[in-house]
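Only heavy atoms go into these numbers, but all of them, side chains included; no hydrogens, no water, no symmetry mates.
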Amino acid sequence: MTSPEIASLSWGQMKVQGSNTTYKDCKVWPGGSRIWDWRETGTEVPSSTVEYLKKHGIDVRVLQTEQAVKEYNALAAQGVRVGGVFHSTC
């Protein structure tokens, strides 16, 4: 499975390749995407999640949204299996 590229980003709206949904905030991973519901985790990725990922050898980057999308898309275009959690209003 490949990671879907973020097709567009503007204030309050994100489109992900292969999805008909317009997201405000979203999670993407190899093979899919879905809304990021803040009621699940709050507005930040829990430090326990970051620690878990790093412990398992997964590179974690926390970036401003436009830069995060640019880096995510560059990795996805190279065929890297990459995931992300994005706010479109930050």
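- Interatomic distance, E40 CD to I35 CD1, rounded to the nearest 0.5 Å: 9.0 Å.
- Cluster membership check: V28 shares its hydrophobic cluster with V80, using side-chain heavy-atom separations under 4.5 Å among Ile, Leu, Val, Met, Phe, Trp and Tyr.
- For the residue pair P4 and W29, the shortest heavy atom distance occurs at CD-O, 3.1 Å.
- By the criterion of side-chain heavy atoms lying less than 4.5 angstrom apart, applied directly or through intervening Ile, Leu, Val, Met, Phe, Trp or Tyr residues, L63 is not grouped with V85; the two fall into different hydrophobic clusters.
- Residues R81 and M1 share a closest heavy-atom pair of NH1-O, 3.1 Å.
- Annotation: the span from E66 atom CD to L9 atom CG amounts to 5.5 Å, rounded to 0.5 Å.
- Under the 30°/60° scheme for interplanar angles, the aromatic rings of H87 and W36 are found to be tilted.
- The closest side-chain heavy-atom distance from C26 to V16 is below 4.5 Å.
- In this structure, the side chain of S19 engages the main chain of T21 through a donor-acceptor pair within 3.5 Å.
- Pairs of residues two or more places apart, or lying in two chains, never qualify as salt bridge (Lys or Arg N to Asp or Glu O under 4.0 Å) while including a residue from residues 4-24.
- Formation of a donor-acceptor pair under 3.5 Å by the D25 side chain with backbone atoms of S88 is found in this model.
- You'll find the ring centres of F86 and Y23 outside the 6.0 Å limit.
- Interatomic distance, S48 OG to K55 NZ, rounded to the nearest 0.5 Å: 12.0 Å.
- Under a hydrophobic clustering in which Ile, Leu, Val, Met, Phe, Trp and Tyr are joined whenever their side-chain heavy atoms come within less than 4.5 Å, directly or via other members, I58 and Y52 fall into the same cluster.
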